[in-house]
Amino acid sequence: MFHKSWVRNSVAFAAVLILIAIGTLFYLNAVSVANHRRIEDYRQQVGAISAVDLWEKSIEQRDPKLFESHDVSFISVQFIQDQEKEDAFSITTAQLEELRAILRESPGVQVPEIVDFNTLRFANLQQLRSIIIACCQSQEKSTGTETGTEIGTATGTAMKEQQERWLIGVELAESLTAGGLIRDEQMRLSLLKSLLERGLDLLESDDPDFLENGAAILAQVSSPEDEITRVLQIETLMAMELEEWQSASLLTSSLELRWYLDNQIPLSLDPSRETLQTLSVHDPPLYLLMGGFVHPVYVYLVEESNQLGARLRAVRCAFEATAAQLRGVEWTPPTGVELLPSTAGGAARIHVTGSSGLTDVDLPR
């Protein structure tokens, strides 16, 4: 039988296929072993064995100079319903002060027993946003009884009230949104952006006490760069724990997990523009079934965090510099911040070194 050429060719072809299959299995096993070794190395690098463990440590090790994280559930449903009027959200300064007092007495945030892609800290997302937006408005506008008083024409009492509402808003937003996962951080960045823009309006204040207080309040806001690093590391550990990796076939799980680790580990350890430029930000390979799900496109969020981090620092320095000017004392920019002189009759600017000019803040003239 083996004297026939077609039989010899078939046997040779089958032997080649068997060798390829054996080689592929050895290769995939080597990839799997390497993946597990990288996972263990990563856990040692971040000092935690699970997402829950790292989240708990991030709370324990949170800088005491920052606002403490609280659970938004302390806001009672009845309180929210009492403030809602059809399509508007009404809240007075006295109610905001009451809310802040309750917040400070409430317990710190607790880590969920299970941390996965369904974990969401906020029970009332829209209501929380409404409260913070109300803090960025005068009481008259928030309660629907606007009298036409704006920043430029506000009386002393009205101005102080607007300033206090903003200070409360910064504390509420940071205390209730810091320390979560990706979706929580997106909410925090959105609210922080609105608060910083409102802060620029209040920078025109001639009250150095408020300006110094505003700078101190902003100093208690966690850096967006630090938060995105923490969030990415927690979600990386969370993805490593997915049962889907273990339940999938060796071919699928090994290659998917390697692709995920190749992209996610460097980014979570150093979420900077430089890292983004060196990583592949293209669509996942076609053989990935789960990779596209467990590896969201973080490019936009990292860029936004870096930009907003520079903006936060610039606004805080602008408060400090303006207060110093009103007191008639010299202000020295901290390391990494420049005070650019005015040109062509324009205002002097605060610039964070290495950041885009879009994050600069003009000082009041």
Side-chain angles (χ1 to χ4, degrees), residues 65 67 91-97 99-101 131-143 145-174 191-221 308-334 336-352 355 357-365:
K65 295 179 181 178
F67 286 116
I91 189 165
T92 66
T93 303
Q95 289 170 329
L96 285 175
E97 292 172 344
L99 198 58
R100 178 174 60 181
I131 291 175
I132 303 306
I133 295 302
C135 290
C136 293
Q137 302 170 339
S138 65
Q139 175 170 309
E140 288 78 10
K141 188 171 184 179
S142 174
T143 56
T145 58
E146 190 172 9
T147 60
T149 300
E150 297 294 340
I151 289 293
T153 60
T155 63
T157 301
M159 172 65 82
K160 288 185 179 298
E161 182 180 68
Q162 292 179 40
Q163 294 169 353
E164 183 62 22
R165 291 175 70 89
W166 178 77
L167 294 173
I168 293 174
V170 174
E171 181 172 349
L172 289 177
E174 181 66 9
L191 295 179
L192 180 58
K193 185 176 181 179
S194 298
L195 288 162
L196 290 180
E197 293 308 307
R198 176 56 171 168
L200 292 179
D201 294 334
L202 299 174
L203 193 60
E204 300 287 344
S205 172
D206 58 1
D207 182 357
D209 290 335
F210 161 71
L211 294 169
E212 290 169 349
N213 194 15
I217 287 289
L218 292 176
Q220 297 179 69
V221 174
L308 199 56
R311 186 70 161 178
L312 170 62
R313 194 175 187 191
V315 173
R316 189 181 75 192
C317 287
F319 271 74
E320 295 174 352
T322 305
Q325 183 180 25
L326 290 174
R327 295 196 184 279
V329 298
E330 183 179 358
W331 178 75
T332 303
V337 176
E338 302 174 84
L339 179 59
L340 303 180
S342 59
T343 57
R349 288 183 294 126
I350 299 291
H351 174 73
V352 176
S355 66
L358 297 174
T359 64
D360 291 356
V361 173
D362 293 334
L363 296 177
R365 299 184 184 181

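Predicted model only: the values in this text are computed from it and were never measured.
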### Query
Do D362 and L200 come close enough that some side-chain heavy atom pair is under 4.5 Å?
no

### Task
Show your working on side-chain contact (heavy atoms from CB on, under 4.5 Å) between R311 and V352 and close with a plain yes or no.
CA-CA 8 Å; R311 186 70 161 178; V352 176; over 6 Å; no

### Query
Given side chains that start at C-beta, do those of R100 and E171 come closer than 4.5 Å, heavy atoms only?
yes

### Query
Once you round to the nearest 0.5 Å, how far does CZ of R316 lie from CZ of R313?
6.5 Å

### Task
Kindly say whether C136 contributes a backbone atom to a donor-acceptor pair with the side chain of R198 at under 3.5 angstrom?
yes

### Message
Rounded to the nearest 0.5 Å, what separates atom CG in L339 from atom NE2 in H351?
### Response
12.0 Å

#### Entry: S205-Q163 side chain donor-acceptor pair, cut-off 3.5 Å
yes

### Task
State, to 0.1 Å, how close L195 and W166 come at their nearest heavy-atom pair, and which atoms those are.
O-NE1, 2.7 Å

### Query
With sequence neighbours left out, what residues match E97 under side-chain hydrogen bond (donor to acceptor under 3.5 Å, both in side chains)?
none

## Note on the structure
When every non-hydrogen atom of G169 is compared with those of I132, the smallest separation belongs to O-CD1, 3.8 Å

#### Entry: With sequence neighbours excluded, residues passing side-chain hydrogen bond (donor to acceptor under 3.5 Å, both in side chains) with D209
R327

### Query
What distance separates T93 OG1 from L99 CG, expressed to the nearest 0.5 Å?
12.5 Å

### Message
Tell me whether R165 contacts the main-chain N or O of Q137 through its side chain, where contact means a donor paired with an acceptor under 3.5 Å.
### Response
yes

#### Entry: Pairwise side-chain contact, L211 with L203, heavy-atom cut-off 4.5 Å (strictly under)
yes

### Flag side-chain contact, heavy atom, 4.5 Å: P333 against C317
no

### Query
Got a second to check how far I131's CD1 is from Q95's CD, nearest 0.5 Å?
10.0 Å

### Message
Checking D207 now: which residues fulfil salt bridge (charged side-chain N to carboxylate O under 4.0 Å, His left out) with it, not counting sequence neighbours?
### Response
K160

### Query
Where is the tightest heavy-atom contact between G199 and F319, given as atom of each residue plus distance?
O-CZ, 3.5 Å

#### Entry: Shortest non-hydrogen separation from E204 to P364 and the atoms involved
OE1-CB, 4.0 Å

## Note on the structure
Closest non-hydrogen contact found for E212 with A323 is CG-CB, 3.6 Å

### Query
Does the side chain of L191 reach to within under 4.5 Å of the side chain of L172, using non-hydrogen atoms?
no

### Task
Return the minimal non-hydrogen interatomic distance between A215 and E320, and the atom names on each side.
CB-CG, 3.5 Å

### Distance, nearest 0.5 Å, that separates CG of L96 from CD1 of I91
4.0 Å

### Task
Go through the steps for I217 and F67 under the test side-chain contact (heavy atoms from CB on, under 4.5 Å), then give the verdict.
CA-CA 9 Å; I217 287 289; F67 286 116; 3.9 Å; yes

### Query
Atom CD1 in I350, atom CG in L363: separation rounded to 0.5 Å?
4.5 Å

### Message
Would you say that I168 contacts E164 through its side chain, given a criterion of any heavy-atom pair below 4.5 Å between the two side chains?
### Response
yes

